[in-house]
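What follows is one structure encoded as C-alpha cells, with my remarks underneath.
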2 protein chains.
Amino acid sequence: MMTDRKFANTLARGLSVLRAFRISDDGLSHSQIVERTGLSPATITRLTYTLKELGYLSQNGNLLRLGPSALALASVAQTSTSFLDLAEAPMQELANQTQTLVLMAVRDGGSMTLVRTWRPRNAGSIWLETGNRVPMARSSTGQGFLAGLSEGRFAAMDPDEELIQQRKDAHAQLAAQGFVFVQGEARFSQTINAVSRPFFASDLGEPVVFGCGATPAELTDERILAEVGPMLRDAMRDLELKTGGRRALDQLRT
Amino acid sequence: MMTDRKFANTLARGLSVLRAFRISDDGLSHSQIVERTGLSPATITRLTYTLKELGYLSQNGNLLRLGPSALALASVAQTSTSFLDLAEAPMQELANQTQTLVLMAVRDGGSMTLVRTWRPRNAGSIWLETGNRVPMARSSTGQGFLAGLSEGRFAAMDPDEELIQQRKDAHAQLAAQGFVFVQGEARFSQTINAVSRPFFASDLGEPVVFGCGATPAELTDERILAEVGPMLRDAMRDLELKTGGRRALDQLRT
DNA sequence: AAATACAATTTCGCATAGTGAAACTGGGAG
DNA sequence: CTCCCAGTTTCACTATGCGAAATTGTATTT
C-alpha cells in the first residue's frame with residue numbers, strides 16, 4: 001500500500017507525536033496522543049520512549065511535555081530564519097500604529113501556526129499567543145497563505161472544492177488590493193477580525209503569512225479595507241525590498 | 001546488537017539530521033549532513049526526502065535548511081515553557097545591572113544549546129546568539145548544568161574521568177557559593193568569561209542553566225566572584241520562589 | 001478490601017520497511 | 001571529452017517496527 005520506498009514512516013510518525021502538542025495543553029497522556037495521532041497505543045509507547053530518551057519529550061507522572069531537545073531545536077530554527085530580524089522593527093511599528101496584533105504564521109501540516117506576534121505598546125487585552133494554530137479554511141491567515149502558495153504545492157494538499165474556491169477568492173483579493181480579508185459569515189472565528197498578506201521567504205521554500213488582527217469592535221471591516229489592510233501591504237512591500245525576496249504577487253504566476 | 005526493542009531507530013536518525021543544523025550554517029548539503037551524522041548517503045537521501053515532505057526541511061538548490069514545520073514546532077515548544085515568562089523581567093534586569101549577556105541554555109545531546117539571551121540595554125558589542133552550542137566540558141554553562149543534574153542522568157551520559165572530576169568541582173562550587181565558575185586555564189574559550197547556576201524546571205524534567213557572560217576584560221574573575229555571581233544567584237533564588245520549583249541545591253541530593 | 005474500569009506496557013509472530021553496498025546518473029572543472 | 005565527486009537509485013536481506021492480544025499497573029467505586 002504505502003509504496004513510497006523513499007518515505008521513512010517511523011520518522012513521520014514520531015514527528016506527528018511532537019506535532020500533537022498544543023500550547024493550551026498542560027502535558028499530554030498517552031491516550032490523548034493516541035487519539036490525536038491515530039496511532040496504536042503500542043506504537044505510542046515505543047515512540048514516546050524514543051523521544052524521551054532523546055530529550056524531545058519529558059515526563060512528569062504520566063503527562064508528557066515537549067522536552068529540552070525540542071527547545072534547543074526551536075532556538076536553532078528561529079535564529080536561522082534570517083528575515084525575522086528584518087521584520088522585527090517594521091512589524092512592531094505596524095502594531096503600534098494600527099493598534100492590532102501583528103502576527104506571522106507558517107503552514108504546519110494542514111493548518112497555520114503562529115510563530116511570532118507583535119503587540120501594540122501599552123495594550124492590555126488578551127491576544128493570540130505564539131504557538132496557536134489557525135485552520136486553513138475560512139481564516140484570513142490561512143487564505144493569505146494559500147494566495148501565495150504555488151499551484152504545485154497547493155495541489156499536493158489535495159484540497160476539496162470549497163478550499164479551491166476560497167483560494168481563488170484570496171488570489172483575486174491579493175491581486176486587487178494587495179491583501180486578503182475573509183469577511184463576515186465566512187470567517188471561522190467571529191471573535192477575531194483579521195487581514196493578511198503572504199510573504200515569500202526564500203529560506204523556507206514556501207510562503208509564510210503576516211497579518212493584523214483584533215476584535216471586530218476594535219478592528220471593523222471598514223478599517224481593515226481602508227486603513228489596516230493597506231498599511232500591512234505597504235509595510236510588507238518595504239520588507240520585500242529589504243530582504244530582496246520576490247514580491248508576493250510574483251507568486252501568482254508560479 | 002542494538003537490542004532495545006522499544007527504541008525506534010529511524011526516528012532517532014531522522015532527528016539527528018535535524019540536530020545537525022547549526023545557526024552558523026547557511027544551509028547544508030547532503031554530504032555535510034552525512035559527515036555530521038555519520039549516516040550513509042543513501043540513508044540521508046531517504047531521511048531528508050521524508051523531512052522535506054513534512055516541511056521540517058526545505059531545499060534551495062542542493063542546500064537544505066530547517067523548514068516551516070520546524071519553526072512551528074519551535075513556537076509551540078517555546079511558548080509551552082512556562083517559566084520563561086517569569087524569567088523575562090528579572091533576567092533583563094540582571095543583564096542591565098551587570099552589563100553582561102544573560103543566557104539560558106538546555107542540554108541537547110552532549111552539549112548545551114542557548115535557548116534565550118538577554119542583552120543589556122544600549123550595549124552594542126557582539127554577543128552569543130540564541131541557538132549557539134557550548135560544550136559540556138570546561139565551560140561554565142556546561143558545568144552549571146552538570147552541577148544540577150541528578151546522579152542517574154549523569155551516569156546515563158557515561159562520562160569520562162575528566163568530566164566526573166569537573167562535575168565534582170562544580171558541585172562543590174554550587175554548594176559553597178551558589179554559582180559555578182570555570183576559571184582560567186580550564187576554560188574552553190579564552191574569549192568569554194562566564195558564571196552560571198542550574199535551575200530545575202519541572203516542565204522539562206531536567207535542569208536548565210542560567211548564566212552571565214562577557215569578555216574577560218569586561219567581566220574579570222574578581223567581578224564574577226564578588227559581584228556578578230552573587231547577583232545571578234540571588235536573582236535565581238527569587239525566580240525559584242516565584243515558580244515554586246525546587247531550589248537548585250536540593251538537586252544535589254537526588 | 002475486593003471489584004471494576006481504564007491506561008499503559010509487554011509479548012509475540014509476521015510482513016515489510018529501512019538498510020548499506022554497489023551501481024548508476026548528472027553536472028562541473030579541466 | 002573525460003575525470004571526479006555529489007547525490008540517487010537499485011537490490012537482496014534481515015533487523016525493525018508493526019498491531020492484536022495478553023498482562024500489568026493504577027485510580028475509583030462499592
Side-chain angles (χ1 to χ4, degrees), chain A residues 1-22 25-67 69 152 156 202 205, chain B residues 1-22 25-67 69 152 156 202 205:
Chain A
M1 38 177 310
M2 247 312 216
T3 180
D4 190 350
R5 309 276 289 107
K6 286 193 282 185
F7 194 77
N9 230 315
T10 311
L11 174 53
R13 290 175 165 191
L15 291 169
S16 83
V17 169
L18 294 181
R19 224 199 271 112
F21 288 80
R22 309 275 135 87
D25 301 325
D26 199 47
L28 291 182
S29 67
H30 276 200
S31 41
Q32 287 175 296
I33 298 176
V34 167
E35 200 177 357
R36 293 195 185 176
T37 58
L39 300 170
S40 86
T43 302
I44 293 300
T45 298
R46 258 175 288 120
L47 293 178
T48 56
Y49 171 80
T50 307
L51 291 168
K52 274 185 321 199
E53 284 295 303
L54 298 172
Y56 286 89
L57 292 179
S58 61
Q59 194 162 22
N60 250 359
N62 54 5
L63 286 185
L64 293 165
R65 314 165 152 282
L66 293 173
S69 296
S202 61
Chain B
M1 33 179 316
M2 249 310 220
T3 182
D4 191 347
R5 308 278 289 108
K6 287 193 282 186
F7 194 79
N9 228 316
T10 310
L11 174 53
R13 289 174 165 192
L15 291 169
S16 82
V17 169
L18 295 181
R19 221 197 273 113
F21 288 81
R22 310 276 135 87
D25 301 327
D26 198 47
L28 291 182
S29 67
H30 276 200
S31 41
Q32 288 176 296
I33 298 178
V34 167
E35 198 176 358
R36 292 196 185 175
T37 58
L39 300 170
S40 85
T43 302
I44 292 300
T45 298
R46 258 174 290 119
L47 293 179
T48 55
Y49 171 81
T50 307
L51 291 169
K52 275 184 320 198
E53 283 294 302
L54 298 172
Y56 287 88
L57 292 180
S58 60
Q59 193 163 23
N60 250 0
N62 54 7
L63 287 186
L64 293 165
R65 314 167 151 282
L66 293 173
S69 295
S202 61

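Naming convention: chains lettered A, B, ... in sequence-line order (proteins, then strands); numbering from 1 in each chain.
- At least one side-chain nitrogen or oxygen of B:S31 sits closer than 4.0 Å to the OP1 or OP2 atom of D:dG7.
- Atom C1' of nucleotide C:dA17 and atom OH of B:Y49 are separated by 15 Å, given to the nearest angstrom.
- The distance from atom CG of B:L39 to atom P of D:dA6 is 17 Å, rounded to the nearest whole Å.
- Rounded to whole Å, the distance from CD1 on A:I44 to P on C:dA8 is 11 Å.
- Between B:R36 and B:R22 the shortest side-chain heavy-atom distance falls below 4.5 Å.
- Of the side-chain N and O atoms in B:T10, one or more sit less than 4.0 angstrom from OP1 or OP2 of D:dG17.
- Considering only heavy atoms from C-beta on, A:D26 stays 4.5 Å or farther from A:L63 through its side chain.
- A close approach under 4.0 Å does not occur between any side-chain nitrogen or oxygen of A:K6 and OP1 or OP2 of D:dT8.
- Atom-to-atom, CD of B:E35 to P of D:dA6 comes out at 10 Å; the value is rounded to the nearest Å.
- One atom, CG of A:L11, and another, C1' of D:dG17, lie 14 Å apart when rounded to the nearest Å.
- Remark on DNA chain C: of its neighbouring residues A:A8 and A:P41, the 5'-side contact belongs to A:P41, judged by nearest-heavy-atom nucleotide.
- Place A:A42 and A:N62 on DNA chain D by their nearest nucleotides, and A:A42 ends up nearer the 5' end.
- Here the side chains of A:L57 and A:L66 are in contact, with some heavy-atom distance below 4.5 Å.
- Taking atom CZ of A:F7 as the reference point, atom P of C:dA17 lies 12 Å away to the nearest angstrom.
- D:dT9 atom P lies 10 Å from atom CG of A:D4, rounded to whole Å.
- Phosphate contact (OP1/OP2 of D:dT8, side-chain N/O of B:T45, threshold under 4.0 Å): present.
- Considering only heavy atoms from C-beta on, B:S16 comes within 4.5 Å of B:T37 through its side chain.
- OP1 or OP2 of D:dC18 sits under 4.0 Å from a side-chain N or O of A:R13.
- By the 4.5 Å heavy-atom criterion applied to side chains, A:L64 and A:H30 are counted as neighbours.
- Between B:Q32 and B:R46, it is B:Q32 whose nearest contact on DNA chain D lies nearer the 5' terminus.
- For A:T43, a side-chain nitrogen or oxygen approaches OP1 or OP2 of D:dG19 to under 4.0 Å.
- Here D:dG17 presents its C1' atom at 10 Å from CG of A:N9, a figure rounded to the nearest Å.
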